[in-house]
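Encoded as structure tokens, the structure appears first; notes follow it.
When reading the values below, keep in mind they use all heavy atoms of this one structure, side chains included, and skip hydrogens, waters and symmetry mates.
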Amino acid sequence: MEQQNLQDNTDIEIDVLELFHVLLNKFWIILLAGIIAGLAFIGGTILFITPQYESTTKMYVLSKQDNNTLTQQDMQTSLSLTKDYAELIKSRTVTEGVIAQLNLDLTHEELLKKMAVDSATDTRILSITVTDADPYEACKIANAIRDVAANHIKNVMDIDAVNVVETANIPDQQSSPSISKNGIIGVLLGVLLSVAIILIAYISNDTVKTQEDVEKYLGLSVLGTIPLTETDRKKKKKKQKQKKARGRR
């Protein structure tokens with residue numbers, strides 16, 4: 001039984017080694033497939049995907065119980081309400097106010113998809129990020145959301161302090177798509193696909209091609225081989241035709 005297990009392990013190692021050699025012999029094909037796929041992904045990204053730009057503005061919200069004194073309780077209250085402020089920024093009142101102010105051809109849901117509201121851990125600073133194909137439009141919408149949201153937060157939460165920490169920037173570089181990232185993905189997919197095709201073609205090909213194949217798969221010993229080239233085949237056919245012609249005479 002142990003000998004049988006050793007035999008099976010040896011066969012597995014030989015098969016893996018054969019597959020490695022098959023892939024090694026097709027290395028240039030695999031490399032070429034990866035390069036072509038990478039270039040295709042880069043070209044597709046440039047031609048068919050619209051670049052997107054992100055613009056971010058930041059606001060500071062502070063709840064004061066006393067206009068003259070800032071207490072520790074004020075700080076804790078503002079911190080615990082940060083999530084509430086984020087929800088107010090994404091409310092329909094704010095989005096529809098921005099749409100009306102800028103005369104945008106967008107719905108409430110479409111504008112929500114363009115914007116993201118985040119807050120850094122343990123801070124009262126809220127970041128509003130807008131993504132758009134036009135960098136100037138992204139900047140304009142982000143600032144408008146901040147201003148409309150500030151007024152809405154003041155009215156709903158009955159607070160006085162909503163300050164601008166940072167106005168929205170006009171982005172000069174696209175945030176997506178990443179041409180280099182898509183190119184790398186294309187190369188990897190091209191390599192994996194070519195490797196899969198080569199391995200499947202090799203494994204599914206059960207023809208006996210060499211003396212080693214006969215000995216390995218059929219368990220037979222080969223006494224000798226008769227090399228026969230294409231030239232030999234043509235000569236053989238020619239001689240057969242000559243013999244037939246002579247027989248007719």
Side-chain angles (χ1 to χ4, degrees), residues 41 45-46 48-67 69-185:
F41 269 62
T45 300
I46 295 174
F48 302 111
I49 300 180
T50 304
Q52 298 293 317
Y53 298 86
E54 289 184 354
S55 182
T56 301
T57 182
K58 296 180 180 180
M59 58 193 299
Y60 181 87
V61 182
L62 181 61
S63 175
K64 285 189 178 182
Q65 295 179 348
D66 188 327
N67 291 333
T69 306
L70 178 63
T71 66
Q72 183 66 25
Q73 184 179 357
D74 294 331
M75 301 285 285
Q76 294 299 326
T77 301
S78 297
L79 189 60
S80 64
L81 291 175
T82 301
K83 291 183 179 179
D84 294 344
Y85 300 145
E87 289 303 314
L88 288 174
I89 294 173
K90 294 185 289 185
S91 66
R92 185 177 293 274
T93 301
V94 173
T95 57
E96 291 183 349
V98 171
I99 292 171
Q101 179 180 318
L102 300 180
N103 194 25
L104 300 176
D105 187 20
L106 296 172
T107 64
H108 164 71
E109 291 77 13
E110 290 172 340
L111 183 54
L112 279 182
K113 291 179 180 179
K114 287 178 171 288
M115 61 184 288
V117 182
D118 299 302
S119 61
T121 305
D122 296 332
T123 70
R124 293 167 301 282
I125 297 177
L126 292 167
S127 299
I128 302 171
T129 301
V130 174
T131 304
D132 195 87
D134 185 345
Y136 295 96
E137 190 75 1
C139 175
K140 185 169 61 174
I141 294 174
N143 284 328
I145 291 174
R146 182 201 64 224
D147 294 338
V148 175
N151 291 328
H152 186 49
I153 291 172
K154 289 178 183 179
N155 294 332
V156 173
M157 304 302 293
D158 192 22
I159 61 176
D160 296 328
V162 179
N163 301 323
V164 177
V165 176
E166 185 178 282
T167 58
N169 62 310
I170 299 176
D172 55 358
Q173 293 184 350
Q174 66 186 53
S175 58
S176 66
S178 174
I179 296 177
S180 58
K181 181 180 179 180
N182 288 354
I184 293 173
I185 293 174

* Lys58, NZ atom: more than 12 neighbouring heavy atoms under 6.0 Å -> no
* Asked: So do Glu54 and Pro171 actually touch side chain to side chain, heavy atoms under 4.5 Å?
  -> no
* Asked: About how many Å separate CD of Gln174 and OG1 of Thr131, when rounded to the nearest 0.5 Å?
  -> 12.5 Å
* Asked: Thinking salt bridges, do Lys113 and Glu110 make one under a 4.0 Å N-O criterion?
  -> no
* To do: Mind running side-chain hydrogen bond (donor to acceptor under 3.5 Å, both in side chains) on Ser127 and Asp118 for me, showing each step along the way?
  => CA-CA 5 Å; Ser127 299; Asp118 299 302; over 6 Å; no
* Structure fact -> Rounded to the nearest 0.5 Å, the NZ atom of Lys83 sits from the CG atom of Leu88 at a distance of 14.5 Å
* Return yes when atom NZ of Lys154 has more than 12 non-hydrogen atoms of other residues, nucleotides or ligands closer than 6.0 Å, and no otherwise. => yes
* To do: Could you walk me through whether Ile89 and Met59 pass side-chain contact (heavy atoms from CB on, under 4.5 Å), step by step?
  => CA-CA 11 Å; Ile89 294 173; Met59 58 193 299; 4.0 Å; yes
* Interatomic distance, His152 atom NE2 to Asp147 atom CG [nearest 0.5 angstrom] -> 14.5 Å
* **Stepwise side-chain contact (heavy atoms from CB on, under 4.5 Å) test for Val162 and Tyr60** => CA-CA 6 Å; Val162 179; Tyr60 181 87; over 6 Å; no
* To do: Can you tell me which residue pairs pass the salt bridge (charged side-chain N to carboxylate O under 4.0 Å, His left out) test with a partner in residues 87-100, sequence neighbours excluded?
  => Glu87-Lys90, Arg92-Glu96, Arg92-Glu109
* Asked: At their closest point, which heavy atom of Ala168 faces which heavy atom of Asn143, and how far apart are they?
  -> N-OD1, 2.9 Å
* Beyond-backbone contact of Gln101 with Val148, side-chain heavy atoms, under 4.5 angstrom -> yes
* To do: Answer yes or no: is there a side-chain heavy-atom contact under 4.5 Å between Glu137 and Val130?
  => no
* Inter-residue atom distance Leu126.CG - Tyr85.OH, 0.5 Å rounding -> 9.0 Å
* Test side-chain contact (heavy atoms from CB on, under 4.5 Å) applied to Thr129 and Met115, step by step -> CA-CA 6 Å; Thr129 301; Met115 61 184 288; over 6 Å; no
* Can you check whether Arg146 reaches Val164 side chain to side chain, under 4.5 Å on heavy atoms? -> yes
* Kindly say whether Ala142 contributes a backbone atom to a donor-acceptor pair with the side chain of Thr57 at under 3.5 angstrom? => no
* To do: Report the C-alpha separation of Tyr53 and Asp132 in whole Å, then their side-chain angles, then the decisive distance to 0.1 Å, and conclude whether the side-chain contact (heavy atoms from CB on, under 4.5 Å) test is met.
  => CA-CA 5 Å; Tyr53 298 86; Asp132 195 87; over 6 Å; no
* Positive for side-chain contact (heavy atoms from CB on, under 4.5 Å) with Leu112, one of Val117, Thr95, Thr107, Leu106 -> Thr95
* To do: Mind checking the CG-CD1 spacing from Leu111 to Ile145? Nearest 0.5 Å is all I need.
  => 5.0 Å
* Calculate, to the nearest 0.5 Å, the distance between atoms CD1 and CD belonging to Ile128 and Glu166 respectively. => 11.5 Å
* Just by modelled atom types, is the Asn169 backbone N or O under 3.5 Å from a matching donor or acceptor in the Ser55 side chain? -> yes
